Amino acid sequence: MTESVAELARRLRSADAGGWTPEGARALVAGLGWTWQDSGAGPVVGTGRAEGDARLRPVGSIEERYAGGQSYLELAVPVRPAEPDAAGQAAAFRAVREELTAALGEPSIMGVYGDLGPFYGSGPLWGTPFVRWRDRPDTLELRAGKTGPELVLQPTDPVENWFWRQGVGEEHSITGFFGSRNDASNAGLGFPGGWYAQSWETVTRALADFLDTLPAETTALGTSLAMPVYGRLAEGGAPILFDITCQDRLSLGCFASDAVDPAALGWGTVAEHPGTGELWPDDDDPRWRIDAGGPGEPKGRALAETLVATARAAGVRTPADLIVGGEATYMGGYHVTFYGLGLKTG
């Protein structure tokens, strides 16, 4: 009988990696009933599963500063093939996440890596969602892989040490977003400092990256986002300018004053974007809107340019005056920090 993803996850969580030393890693693989074959890119682990071989990632020169004597950083196991498009990948991730949640309980951590994955790796273009069941000494993660979702067993300290050290304040030093639950498993979890955008071009790039993959990632994570964005104006006050809402589709709403011409900046009405009618049934709240589509459909750069142009036309002088509403930081049972946006939250 084929082993289910939930059964595999339980075996991985109970496995002993022996401190992720060479001997410990070999014992881990043998204990799982798998085979080991050395290659130039690191050991190839034969699982006998239809989804293919697993990978052990060795600690290299770049990763040494984050590892505390471990020789390996993770064992990644592909668990479900998926169609290459964003919708197919998101659906596959979501199905595995739901199966694992039913078996293991709610993940203690969830988020999106953005274009800066663990130890400076890159993820798939459709999106980079992840969830973790944090523990010590090891953590189990479900991660978006190149061909479909992967289960990753990893020592807890190196990946958290890497993440914490990215909080250096430089633009784009951290990407994506990170959410944690109020759960005993997160005791001692550290959070890095963020960074703030210094130019409108930086804001545009950050928003573009965020919006481009957002509906695929919220679909995969089974969550939703409701993000009001406020603008501090020269004449005083900080009215709401935008509402960014996303579950399986991304919708943008605009509350610009009469001093702005939203139509000229790319905004439409409910008649032009009827899909937003269910979200905002009163066509005056907001009057201006964009239905940006589902997984794989948003044009992140164009959307970001529209948001930035509208904010500046409304009288927002600097990126420091564009503020993400604190309401957005609560996504289900998770408290979320939007590191990749480089915007203040208030």
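What you see is a predicted model, and the numbers here were worked out from it, not measured in a lab.
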Inset, instruction - Using modelled atom types only, decide if a donor and an acceptor are shared between the side chain of Ser251 and the backbone of Thr245 within a distance under 3.5 Å. - result: no
Inset, instruction - State whether the side chain of Glu7 and the backbone N or O of Ser4 hold a donor-acceptor pair below 3.5 Å, judged by distance alone. - result: yes
Legend entry - Pair Arg97-Thr101, side-chain contact (heavy atoms from CB on, under 4.5 Å): steps then yes or no: CA-CA 6 Å; Arg97 181 193 56 77; Thr101 298; 4.1 Å; yes
Legend entry - Donor-acceptor contact present, side-chain Glu171 to main-chain Gln198, <3.5 Å: yes
Inset, instruction - Name the orientation class of the two ring planes belonging to Tyr120 and Trp162 (parallel below 30°, tilted from 30 to 60°, perpendicular beyond 60°). - result: perpendicular
Inset, instruction - For the residue pair Arg49 and Leu8, establish whether any side-chain heavy-atom pair is separated by less than 4.5 Å. - result: yes
Legend entry - Proximity of Phe163 and Tyr339 rings by center, below 6.0 Å: yes
Inset, instruction - With rounding to the nearest 0.5 Å, note down the distance linking CZ in Arg132 to OG1 in Thr156. - result: 9.0 Å
Legend entry - Trp20/Asp138 under side chain to side chain donor-acceptor pair (under 3.5 Å): CA gap, chis, key distance, verdict: CA-CA 10 Å; Trp20 296 88; Asp138 300 325; 2.8 Å; yes
Inset, instruction - With the side chain counted from C-beta on, respond yes when Phe130 and Ile109 share a heavy-atom pair under 4.5 Å apart, and no when they do not. - result: yes
Inset, instruction - Please state whether the rings of Phe210 and Phe338 are parallel, tilted or perpendicular, taking 30° and 60° as the class boundaries. - result: perpendicular
Legend entry - Presence of salt bridge, Glu51 and Arg80, under 4.0 angstrom: no
Inset, instruction - Mark yes when over 12 heavy atoms from residues, nucleotides or ligands other than Leu233 sit less than 6.0 Å from its CG; otherwise mark no. - result: yes
Legend entry - side-chain contact (heavy atoms from CB on, under 4.5 Å) between Val29 and Leu56, intermediate numbers included: CA-CA 10 Å; Val29 170; Leu56 268 167; 4.0 Å; yes
Inset, instruction - Please determine if Glu141 and Arg134 form a salt bridge, counting it only when a charged side-chain N lies under 4.0 Å from a carboxylate O. - result: no
Inset, instruction - Is it possible for you to say whether Leu211 and Val112 belong to one hydrophobic cluster, with membership spreading through side-chain heavy-atom contacts below 4.5 Å? - result: yes
Legend entry - Glu170 atom CD: more than 12 heavy-atom contacts under 6.0 Å: no
Inset, instruction - For Thr47 and Gly52, indicate whether the former's side chain and the latter's backbone hold a donor-acceptor pair under 3.5 Å. - result: yes
Legend entry - Any donor-acceptor pair under 3.5 Å from Ser199 side chain to Thr202 backbone: yes
Inset, instruction - Could you grab the distance from atom OG of Ser180 to atom CG of Leu189, nearest 0.5 Å is fine? - result: 6.0 Å
Inset, instruction - Kindly compute the distance separating CG (Leu142) from CZ (Arg94), expressed to the nearest 0.5 Å. - result: 13.5 Å
Inset, instruction - Please test Thr345 against Thr329 for side-chain contact (heavy atoms from CB on, under 4.5 Å), starting from the C-alpha separation and ending with a verdict. - result: CA-CA 9 Å; Thr345 300; Thr329 63; 3.9 Å; yes
Legend entry - Residues Glu201 and Arg205 bridged, charged N to O under 4.0 Å: no
Legend entry - Asn182 atom CG, over 12 foreign heavy atoms within 6.0 Å: no
Inset, instruction - Give a yes or no answer on whether the side chain of Arg65 reaches the backbone of Ile62 with a donor-acceptor pair at less than 3.5 Å. - result: no
Legend entry - Val152-Val79 co-clustered via ILVMFWY side chain contacts under 4.5 Å: no
Inset, instruction - Verify the cluster assignment for Leu241 and Leu225: are they in a single hydrophobic cluster under the rule of side-chain heavy atoms below 4.5 Å apart? - result: yes
Legend entry - Value rounded to 0.5 Å, distance of CG in Leu140 from CG in Leu12: 6.0 Å
Inset, instruction - Indicate yes or no: at least one non-hydrogen side-chain atom of Val260 is less than 4.5 angstrom from one of Leu265. - result: yes
Legend entry - Over 12 foreign heavy atoms within 6.0 Å of CD, Glu98: yes
Inset, instruction - Is it possible for you to say whether Phe178 and Val336 belong to one hydrophobic cluster, with membership spreading through side-chain heavy-atom contacts below 4.5 Å? - result: no
Inset, instruction - For the residue pair Pro58 and Ser71, establish whether any side-chain heavy-atom pair is separated by less than 4.5 Å. - result: no
Inset, instruction - Look at the aromatic rings of His335 and Tyr330 and report parallel, tilted or perpendicular, splitting at 30° and 60°. - result: perpendicular
Inset, instruction - Working to the nearest 0.5 Å, report the span between CG of Leu207 and CH2 of Trp200. - result: 9.5 Å
Inset, instruction - Answer with yes or no whether the hydrophobic clustering places Leu250 together with Val203; edges join I, L, V, M, F, W, Y residues whose side-chain heavy atoms lie under 4.5 Å apart. - result: yes
Legend entry - Expected output: side-chain Asn186 to main-chain Ser108 donor-acceptor under 3.5 Å: yes
Inset, instruction - Please tell me if the side chains of Pro158 and Phe119 come closer than 4.5 Å, counting only heavy atoms from C-beta onward. - result: yes
Legend entry - Expected output: side-chain Gln37 to main-chain Val44 donor-acceptor under 3.5 Å: no
Legend entry - Between Ser185 and Trp133: side-chain donor-acceptor atoms closer than 3.5 Å: no
Legend entry - N/O donor-acceptor pair under 3.5 Å between Thr306 side chain and Ala302 backbone: yes
Inset, instruction - Please confirm whether the backbone N or O of Ile290 pairs with a side-chain atom of His273, one donor and one acceptor, at under 3.5 Å? - result: no
Legend entry - Contact check, side chains of Tyr66 and Val59, non-hydrogen atoms, under 4.5 Å: no
Inset, instruction - Applying salt bridge (charged side-chain N to carboxylate O under 4.0 Å, His left out), run through Arg249 and Glu278 and close with a yes or a no. - result: CA-CA 12 Å; Arg249 293 185 71 84; Glu278 293 185 14; over 6 Å; no
Legend entry - 4.5 Å side-chain heavy-atom contact, Val5 and Leu100: yes
Inset, instruction - Mind checking the CZ-CG spacing from Arg55 to Asp53? Nearest 0.5 Å is all I need. - result: 10.0 Å
Inset, instruction - Decide if atom CH2 of Trp36 counts as having more than 12 heavy atoms of other residues, nucleotides or ligands within a radius under 6.0 Å. - result: yes
Legend entry - Note: Lys299-Asp212 ion pair, threshold 4.0 Å (strictly below): no
Inset, instruction - Could you go through the salt bridge (charged side-chain N to carboxylate O under 4.0 Å, His left out) check for Arg181 and Glu106 one step at a time? - result: CA-CA 9 Å; Arg181 294 175 61 235; Glu106 289 289 338; 5.4 Å; no
Legend entry - SB check Arg301 Glu305 (cutoff 4.0 Å): yes
Inset, instruction - Find out whether Glu150 and Val77 are in side-chain contact, i.e. whether some heavy atom of one side chain is under 4.5 Å from a heavy atom of the other. - result: no
Inset, instruction - State plainly whether the residues Arg287 and Asp243 are in salt-bridge range, i.e. N to O under 4.0 Å. - result: no
